[in-house]
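In the text below, chain A, chain B and the rest are named by the order of the sequence lines, each starting its count at 1.
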Protein chains: 2
Amino acid sequence: MKMSTGVEWAVHCCVVLSQAEDPVPAQRLAEFHGISRTYLAKHLQQLSRAGLVSSTEGRVGGYVLTRPAAEISVLDVVQAIDGHEPAFRCTEIRQNGPLPASPETCRRACGVARAMHTAEQAWRDSLRAVSVADLAAGVLEDNGPQTFDRVREWLAT
Amino acid sequence: MKMSTGVEWAVHCCVVLSQAEDPVPAQRLAEFHGISRTYLAKHLQQLSRAGLVSSTEGRVGGYVLTRPAAEISVLDVVQAIDGHEPAFRCTEIRQNGPLPASPETCRRACGVARAMHTAEQAWRDSLRAVSVADLAAGVLEDNGPQTFDRVREWLAT
DNA sequence: TCAATCGCGGATATCAGATGTCCGTGTTCA
DNA sequence: TGAACACGGACATCTGATATCCGCGATTGA
(Lines give C-alpha, C1' and ligand atoms only; values in the text may rest on other atoms or scores of the structure.)
Protein backbone atom coordinates (compact mmCIF):
# COMPACT_ATOMS: atom_id res chain seq x y z
CA MET A 1 0.00 0.00 0.00
CA LYS A 2 1.66 3.16 -1.17
CA MET A 3 0.62 6.72 -1.63
CA SER A 4 1.69 8.63 -4.70
CA THR A 5 4.73 10.84 -4.15
CA GLY A 6 2.75 13.49 -5.98
CA VAL A 7 0.74 13.90 -2.78
CA GLU A 8 3.81 15.04 -0.89
CA TRP A 9 4.64 17.53 -3.63
CA ALA A 10 1.09 18.84 -3.78
CA VAL A 11 0.82 19.40 -0.04
CA HIS A 12 4.12 21.26 0.11
CA CYS A 13 3.06 23.35 -2.87
CA CYS A 14 -0.20 24.27 -1.13
CA VAL A 15 1.75 25.45 1.90
CA VAL A 16 3.90 27.66 -0.31
CA LEU A 17 0.86 28.96 -2.18
CA SER A 18 -0.77 29.84 1.11
CA GLN A 19 2.08 32.28 1.68
CA ALA A 20 2.38 33.75 -1.81
CA GLU A 21 0.94 37.11 -2.76
CA ASP A 22 0.81 36.54 -6.51
CA PRO A 23 0.17 33.55 -8.77
CA VAL A 24 3.12 31.17 -8.66
CA PRO A 25 4.01 29.33 -11.88
CA ALA A 26 4.67 25.59 -11.82
CA GLN A 27 8.24 26.33 -12.84
CA ARG A 28 8.86 28.24 -9.60
CA LEU A 29 7.19 25.65 -7.41
CA ALA A 30 9.29 22.91 -8.98
CA GLU A 31 12.52 24.86 -8.54
CA PHE A 32 11.67 25.69 -4.95
CA HIS A 33 11.19 22.03 -4.08
CA GLY A 34 13.87 20.65 -6.37
CA ILE A 35 11.50 18.39 -8.23
CA SER A 36 10.50 17.62 -11.81
CA ARG A 37 8.76 20.56 -13.44
CA THR A 38 6.76 18.65 -16.04
CA TYR A 39 5.52 16.05 -13.62
CA LEU A 40 4.59 18.55 -10.95
CA ALA A 41 2.57 20.38 -13.61
CA LYS A 42 0.41 17.29 -13.95
CA HIS A 43 -0.34 17.27 -10.26
CA LEU A 44 -1.09 20.98 -10.18
CA GLN A 45 -3.60 20.39 -12.93
CA GLN A 46 -5.22 17.77 -10.71
CA LEU A 47 -5.43 20.30 -7.88
CA SER A 48 -6.98 22.72 -10.34
CA ARG A 49 -9.59 20.20 -11.50
CA ALA A 50 -10.39 19.46 -7.86
CA GLY A 51 -11.03 23.15 -7.31
CA LEU A 52 -8.33 23.64 -4.69
CA VAL A 53 -6.28 26.03 -6.79
CA SER A 54 -7.15 28.25 -9.69
CA SER A 55 -4.79 28.95 -12.53
CA THR A 56 -4.18 32.03 -14.57
CA GLU A 57 -2.77 31.54 -18.04
CA GLY A 58 -0.51 33.85 -19.89
CA ARG A 59 2.72 35.63 -19.22
CA VAL A 60 2.37 36.30 -15.51
CA GLY A 61 0.21 33.28 -14.90
CA GLY A 62 0.47 30.66 -12.19
CA TYR A 63 -1.47 29.09 -9.37
CA VAL A 64 -3.38 30.55 -6.43
CA LEU A 65 -5.36 28.85 -3.68
CA THR A 66 -9.09 29.23 -4.22
CA ARG A 67 -9.88 29.20 -0.51
CA PRO A 68 -8.22 30.33 2.72
CA ALA A 69 -5.59 27.78 3.73
CA ALA A 70 -7.53 27.08 6.91
CA GLU A 71 -10.35 25.73 4.76
CA ILE A 72 -8.21 23.31 2.78
CA SER A 73 -7.59 20.06 4.59
CA VAL A 74 -4.78 17.64 3.94
CA LEU A 75 -7.49 15.16 2.99
CA ASP A 76 -8.65 17.49 0.23
CA VAL A 77 -5.18 17.47 -1.27
CA VAL A 78 -4.67 13.75 -0.86
CA GLN A 79 -7.94 12.95 -2.58
CA ALA A 80 -7.31 15.46 -5.35
CA ILE A 81 -4.09 13.65 -6.23
CA ASP A 82 -4.70 10.07 -5.20
CA GLY A 83 -8.40 9.93 -6.00
CA HIS A 84 -11.33 8.79 -3.92
CA GLU A 85 -10.96 5.04 -4.42
CA PRO A 86 -10.69 3.16 -1.14
CA ALA A 87 -7.44 1.29 -0.58
CA PHE A 88 -9.34 -1.89 0.15
CA ARG A 89 -11.53 -3.15 -2.67
CA CYS A 90 -13.77 -6.04 -1.83
CA THR A 91 -13.89 -8.61 -4.61
CA GLU A 92 -16.76 -10.44 -2.96
CA ILE A 93 -15.03 -13.77 -2.69
CA ARG A 94 -17.72 -14.75 -0.21
CA GLN A 95 -19.91 -15.30 -3.27
CA ASN A 96 -17.47 -17.84 -4.73
CA GLY A 97 -16.86 -21.49 -4.07
CA PRO A 98 -19.04 -24.34 -2.86
CA LEU A 99 -20.80 -22.35 -0.10
CA PRO A 100 -21.49 -18.93 -1.61
CA ALA A 101 -23.20 -16.28 0.47
CA SER A 102 -26.80 -15.75 -0.50
CA PRO A 103 -27.85 -12.68 -2.50
CA GLU A 104 -29.88 -11.38 0.46
CA THR A 105 -26.80 -11.59 2.67
CA CYS A 106 -24.83 -9.69 0.08
CA ARG A 107 -27.07 -6.68 0.16
CA ARG A 108 -24.97 -5.77 3.15
CA ALA A 109 -21.24 -5.26 2.71
CA CYS A 110 -18.95 -8.10 3.72
CA GLY A 111 -17.72 -7.92 7.32
CA VAL A 112 -14.12 -7.75 6.18
CA ALA A 113 -14.92 -4.81 3.93
CA ARG A 114 -16.78 -3.09 6.75
CA ALA A 115 -13.77 -3.32 9.05
CA MET A 116 -11.48 -2.01 6.34
CA HIS A 117 -13.76 0.87 5.47
CA THR A 118 -14.14 1.85 9.11
CA ALA A 119 -10.37 2.03 9.37
CA GLU A 120 -10.09 4.13 6.24
CA GLN A 121 -12.76 6.42 7.62
CA ALA A 122 -10.64 6.95 10.72
CA TRP A 123 -7.72 7.74 8.44
CA ARG A 124 -9.72 10.26 6.49
CA ASP A 125 -11.05 11.87 9.66
CA SER A 126 -7.51 12.33 10.88
CA LEU A 127 -6.39 13.95 7.64
CA ARG A 128 -9.47 16.13 7.49
CA ALA A 129 -8.59 17.55 10.91
CA VAL A 130 -5.38 19.08 9.60
CA SER A 131 -5.46 22.11 7.32
CA VAL A 132 -2.86 23.66 5.07
CA ALA A 133 -2.85 26.60 7.49
CA ASP A 134 -1.96 24.22 10.33
CA LEU A 135 0.94 22.90 8.30
CA ALA A 136 2.12 26.41 7.53
CA ALA A 137 2.04 27.24 11.23
CA GLY A 138 4.09 24.11 11.87
CA VAL A 139 6.70 25.21 9.37
CA LEU A 140 7.04 28.54 11.16
CA GLU A 141 7.45 26.71 14.44
CA ASP A 142 10.08 24.36 13.04
CA ASN A 143 12.03 26.77 10.84
CA GLY A 144 11.65 30.11 12.54
CA PRO A 145 9.28 33.06 12.19
CA GLN A 146 11.02 34.63 9.17
CA THR A 147 10.81 31.54 7.01
CA PHE A 148 7.95 32.69 4.83
CA ASP A 149 9.44 36.16 4.44
CA ARG A 150 12.41 34.51 2.81
CA VAL A 151 10.10 32.37 0.69
CA ARG A 152 8.19 35.41 -0.53
CA GLU A 153 11.46 37.16 -1.24
CA TRP A 154 12.70 34.27 -3.33
CA LEU A 155 9.39 34.00 -5.18
CA ALA A 156 9.64 37.69 -6.08
CA THR A 157 13.06 37.15 -7.66
CA MET B 1 -3.26 3.94 -2.88
CA LYS B 2 -4.27 0.33 -3.10
CA MET B 3 -4.10 -2.63 -0.79
CA SER B 4 -3.05 -6.01 -2.12
CA THR B 5 -5.98 -8.28 -2.92
CA GLY B 6 -4.03 -10.95 -1.10
CA VAL B 7 -5.06 -9.22 2.12
CA GLU B 8 -8.71 -9.96 1.42
CA TRP B 9 -7.89 -13.58 0.72
CA ALA B 10 -5.76 -13.92 3.82
CA VAL B 11 -8.37 -12.47 6.15
CA HIS B 12 -11.09 -14.73 4.80
CA CYS B 13 -8.77 -17.70 5.12
CA CYS B 14 -8.07 -16.83 8.75
CA VAL B 15 -11.79 -16.76 9.44
CA VAL B 16 -12.17 -20.22 7.92
CA LEU B 17 -9.14 -21.51 9.80
CA SER B 18 -10.62 -20.21 13.05
CA GLN B 19 -13.48 -22.64 12.52
CA ALA B 20 -11.54 -25.67 11.31
CA GLU B 21 -10.71 -28.60 13.53
CA ASP B 22 -7.82 -29.96 11.49
CA PRO B 23 -5.09 -28.44 9.34
CA VAL B 24 -6.54 -27.11 6.10
CA PRO B 25 -4.40 -27.41 2.95
CA ALA B 26 -3.99 -24.41 0.64
CA GLN B 27 -5.81 -26.39 -2.02
CA ARG B 28 -8.98 -26.51 0.09
CA LEU B 29 -8.81 -22.86 1.08
CA ALA B 30 -8.43 -21.85 -2.56
CA GLU B 31 -11.34 -24.02 -3.68
CA PHE B 32 -13.51 -22.71 -0.89
CA HIS B 33 -12.96 -19.12 -1.93
CA GLY B 34 -12.79 -19.74 -5.66
CA ILE B 35 -9.35 -18.21 -6.02
CA SER B 36 -5.95 -19.14 -7.46
CA ARG B 37 -4.35 -22.00 -5.57
CA THR B 38 -0.73 -21.22 -6.38
CA TYR B 39 -1.01 -17.55 -5.62
CA LEU B 40 -2.88 -18.10 -2.38
CA ALA B 41 -0.10 -20.47 -1.35
CA LYS B 42 2.29 -17.53 -1.51
CA HIS B 43 0.17 -15.51 0.84
CA LEU B 44 -0.26 -18.38 3.25
CA GLN B 45 3.50 -18.65 3.40
CA GLN B 46 3.60 -14.99 4.35
CA LEU B 47 1.13 -15.64 7.15
CA SER B 48 3.33 -18.51 8.24
CA ARG B 49 6.47 -16.37 8.29
CA ALA B 50 4.59 -13.75 10.29
CA GLY B 51 3.75 -16.40 12.86
CA LEU B 52 -0.02 -16.14 12.46
CA VAL B 53 -0.45 -19.66 11.15
CA SER B 54 1.66 -22.75 11.44
CA SER B 55 1.96 -25.30 8.71
CA THR B 56 2.26 -29.04 8.84
CA GLU B 57 3.95 -30.67 5.91
CA GLY B 58 3.28 -34.07 4.55
CA ARG B 59 0.27 -36.01 3.51
CA VAL B 60 -2.36 -34.63 5.90
CA GLY B 61 -0.66 -31.25 6.15
CA GLY B 62 -2.15 -27.83 5.98
CA TYR B 63 -2.51 -24.64 7.96
CA VAL B 64 -3.69 -23.93 11.51
CA LEU B 65 -3.92 -20.68 13.44
CA THR B 66 -1.16 -20.38 16.03
CA ARG B 67 -3.29 -18.34 18.43
CA PRO B 68 -6.95 -18.08 19.39
CA ALA B 69 -8.82 -16.06 16.75
CA ALA B 70 -9.63 -13.43 19.35
CA GLU B 71 -5.91 -12.71 19.64
CA ILE B 72 -5.35 -12.19 15.93
CA SER B 73 -6.27 -8.72 14.77
CA VAL B 74 -7.09 -7.70 11.23
CA LEU B 75 -4.04 -5.45 11.45
CA ASP B 76 -1.86 -8.49 12.07
CA VAL B 77 -3.07 -10.06 8.86
CA VAL B 78 -2.83 -6.85 6.84
CA GLN B 79 0.74 -6.27 7.94
CA ALA B 80 1.70 -9.89 7.36
CA ILE B 81 0.64 -9.58 3.72
CA ASP B 82 1.17 -5.93 2.89
CA GLY B 83 4.21 -5.33 5.05
CA HIS B 84 4.93 -2.66 7.63
CA GLU B 85 5.92 0.14 5.29
CA PRO B 86 3.86 3.28 5.78
CA ALA B 87 1.75 4.35 2.81
CA PHE B 88 3.24 7.82 2.96
CA ARG B 89 6.98 8.00 2.48
CA CYS B 90 8.56 11.36 3.06
CA THR B 91 11.22 12.15 0.49
CA GLU B 92 12.37 15.19 2.45
CA ILE B 93 11.83 17.69 -0.31
CA ARG B 94 12.08 20.37 2.34
CA GLN B 95 15.84 19.83 2.12
CA ASN B 96 15.86 20.65 -1.60
CA GLY B 97 15.85 23.88 -3.53
CA PRO B 98 17.12 27.37 -2.80
CA LEU B 99 15.85 27.51 0.80
CA PRO B 100 16.55 24.07 2.25
CA ALA B 101 15.56 23.28 5.82
CA SER B 102 18.52 23.22 8.17
CA PRO B 103 19.90 19.91 9.48
CA GLU B 104 18.80 20.80 13.03
CA THR B 105 15.25 21.34 11.82
CA CYS B 106 15.34 17.98 10.08
CA ARG B 107 16.04 16.06 13.23
CA ARG B 108 12.31 16.27 13.66
CA ALA B 109 10.06 14.75 11.03
CA CYS B 110 8.49 17.07 8.48
CA GLY B 111 5.06 18.40 9.48
CA VAL B 112 3.48 16.85 6.42
CA ALA B 113 4.91 13.48 7.35
CA ARG B 114 3.72 13.88 10.93
CA ALA B 115 0.14 14.48 9.79
CA MET B 116 0.25 11.49 7.46
CA HIS B 117 1.71 9.21 10.10
CA THR B 118 -0.87 10.28 12.65
CA ALA B 119 -3.60 9.36 10.18
CA GLU B 120 -2.02 6.00 9.47
CA GLN B 121 -1.80 5.39 13.19
CA ALA B 122 -5.54 5.98 13.48
CA TRP B 123 -6.03 3.51 10.63
CA ARG B 124 -3.90 0.90 12.36
CA ASP B 125 -5.66 1.45 15.69
CA SER B 126 -8.98 0.82 13.99
CA LEU B 127 -7.78 -2.39 12.38
CA ARG B 128 -6.15 -3.56 15.59
CA ALA B 129 -9.51 -3.25 17.36
CA VAL B 130 -11.06 -5.94 15.17
CA SER B 131 -10.10 -9.58 15.62
CA VAL B 132 -10.59 -12.59 13.41
CA ALA B 133 -13.01 -13.85 16.07
CA ASP B 134 -15.06 -10.66 15.66
CA LEU B 135 -15.23 -11.25 11.94
CA ALA B 136 -16.29 -14.85 12.45
CA ALA B 137 -19.06 -13.68 14.75
CA GLY B 138 -20.15 -11.25 12.06
CA VAL B 139 -20.33 -14.03 9.51
CA LEU B 140 -22.62 -15.98 11.81
CA GLU B 141 -24.80 -12.93 12.21
CA ASP B 142 -24.98 -12.30 8.48
CA ASN B 143 -25.27 -15.86 7.21
CA GLY B 144 -27.02 -17.71 9.97
CA PRO B 145 -25.91 -19.77 12.95
CA GLN B 146 -25.28 -22.99 11.02
CA THR B 147 -22.87 -21.44 8.57
CA PHE B 148 -19.72 -22.81 10.10
CA ASP B 149 -21.22 -26.24 10.58
CA ARG B 150 -21.63 -26.38 6.81
CA VAL B 151 -18.10 -25.11 6.35
CA ARG B 152 -16.68 -27.80 8.62
CA GLU B 153 -18.75 -30.40 6.84
CA TRP B 154 -17.39 -29.31 3.48
CA LEU B 155 -13.83 -29.21 4.80
CA ALA B 156 -14.23 -32.79 6.00
CA THR B 157 -15.21 -33.92 2.50
C1' DT C 1 2.02 43.35 -33.48
C1' DC C 2 5.28 40.03 -31.84
C1' DA C 3 7.67 37.13 -28.85
C1' DA C 4 8.08 35.22 -24.40
C1' DT C 5 5.76 33.03 -20.69
C1' DC C 6 2.42 30.31 -19.00
C1' DG C 7 -1.49 26.44 -18.28
C1' DC C 8 -3.68 22.53 -20.49
C1' DG C 9 -4.38 18.01 -22.45
C1' DG C 10 -2.84 14.09 -25.13
C1' DA C 11 0.61 10.81 -26.53
C1' DT C 12 4.32 8.31 -25.24
C1' DA C 13 8.19 6.02 -22.80
C1' DT C 14 9.99 3.79 -18.71
C1' DC C 15 10.04 1.24 -14.62
C1' DA C 16 8.67 -0.98 -10.21
C1' DG C 17 5.65 -3.73 -8.12
C1' DA C 18 1.54 -6.61 -8.08
C1' DT C 19 -0.29 -10.63 -9.87
C1' DG C 20 0.05 -15.27 -11.19
C1' DT C 21 2.39 -19.74 -12.72
C1' DC C 22 5.66 -23.38 -12.57
C1' DC C 23 9.07 -26.50 -10.88
C1' DG C 24 12.25 -28.93 -7.80
C1' DT C 25 12.88 -30.22 -3.05
C1' DG C 26 11.80 -32.02 1.34
C1' DT C 27 8.38 -33.96 4.54
C1' DT C 28 4.74 -36.86 6.24
C1' DC C 29 1.73 -40.66 6.19
C1' DA C 30 -1.03 -44.64 4.41
C1' DT D 1 6.90 -46.51 -2.15
C1' DG D 2 3.72 -43.21 -3.76
C1' DA D 3 0.47 -39.62 -2.92
C1' DA D 4 -0.42 -35.29 -0.85
C1' DC D 5 1.33 -31.51 1.09
C1' DA D 6 4.49 -27.00 2.24
C1' DC D 7 8.27 -24.33 0.74
C1' DG D 8 11.28 -21.37 -1.94
C1' DG D 9 13.04 -19.70 -6.21
C1' DA D 10 12.63 -18.52 -10.92
C1' DC D 11 9.94 -16.75 -14.17
C1' DA D 12 6.21 -14.43 -17.00
C1' DT D 13 2.70 -10.96 -17.37
C1' DC D 14 0.18 -6.99 -16.54
C1' DT D 15 -1.02 -2.71 -14.32
C1' DG D 16 -0.24 1.65 -12.63
C1' DA D 17 3.09 5.13 -11.11
C1' DT D 18 6.54 7.97 -12.73
C1' DA D 19 8.27 11.04 -16.09
C1' DT D 20 8.86 13.49 -20.54
C1' DC D 21 7.51 15.87 -24.64
C1' DC D 22 4.70 18.28 -27.85
C1' DG D 23 1.19 21.32 -29.79
C1' DC D 24 -2.40 24.38 -28.55
C1' DG D 25 -4.45 28.53 -26.79
C1' DA D 26 -4.26 32.41 -23.51
C1' DT D 27 -2.04 36.44 -21.65
C1' DT D 28 1.10 40.11 -21.24
C1' DG D 29 4.92 43.32 -21.89
C1' DA D 30 8.08 45.27 -25.23
So ring pair (Phe, Tyr, Trp, His ring centres under 6.0 Å) across residues 135-157 of chain A, not counting sequence neighbours, yields Phe32(A)-Trp154(A)
- Going by modelled atom types, is there a donor-acceptor pair between the base of dG17(C) and the side chain of Lys2(B) at under 3.5 Å? no
Walking DNA chain C from its 5' end, the first of Ser48(A) and Thr38(B) to be reached, judged by nearest nucleotide, is Ser48(A)
| said: Does Ala41(B) reach a base, just sugar-phosphate, or nothing at all? Heavy atoms under 4.0 Å. | reply: nothing
Students often get this wrong, so: under 4.0 angstrom with heavy atoms, is Arg49(A) touching a base, only sugar-phosphate, or nothing?
sugar-phosphate
What residues 75-88 of chain B contributes to the DNA chain C interface at heavy-atom separation below 4.0 Å is none
**Message:** Whether the side chain of Ser131(A) engages the backbone of Ser73(A) through a donor-acceptor N/O pair (distance < 3.5 Å, no angle test) should be reported.
**Reply:** no
Regarding the side chain of Thr5(A), the nearest nucleotide among dT18(D), dG9(C), dT21(C) is dT18(D)
So CG of Asp82(A) and CE of Met1(B): to nearest 0.5 Å the spacing works out to 6.5 Å
Among the nucleotides dT21(C), dT18(D), dA19(D), whichever has the atom closest to the side chain of Lys42(B) is dT21(C)
Going 5' to 3' through nucleotides 24-30 of chain C and flagging B where a protein heavy-atom sits under 4.0 Å of the base, S where only the sugar-phosphate is that close, and - otherwise, we get --BBBBS
**Item:** Short side-chain N/O contact from Ser36(B) to OP1 or OP2 of dT21(C), under 4.0 Å
**Value:** yes
Review point. Taking only side-chain nitrogens and oxygens of Ser55(A), does any of them come within less than 4.0 Å of OP1 or OP2 of dG7(C)?
Key: no
When every non-hydrogen atom of Glu120(A) is compared with those of Phe88(A), the smallest separation belongs to OE2-N, 2.9 Å
Under 4.0 Å between a side-chain nitrogen and a carboxylate oxygen: does that hold for Arg114(A) and Asp142(B)? yes
- Message: Checking side-chain polar atoms at under 3.5 Å, does Gln121(A) have a donor or acceptor matched by the opposite partner on Arg124(A)?
- Response: yes
- Give a yes/no answer on whether the side chain of Arg28(A) brings an N or O atom under 4.0 Å of OP1 or OP2 in dC6(C). no
Checklist entry - Does Gln45(B) place a side-chain N or O at less than 4.0 Å from the phosphate oxygens OP1/OP2 of dG8(D)? => result yes
Presence of Tyr39(A) side-chain N/O under 4.0 Å of dA13(C) phosphate oxygens OP1/OP2: no
Salt-bridged, Glu153(A) to Arg150(A), with N to O below 4.0 Å? no
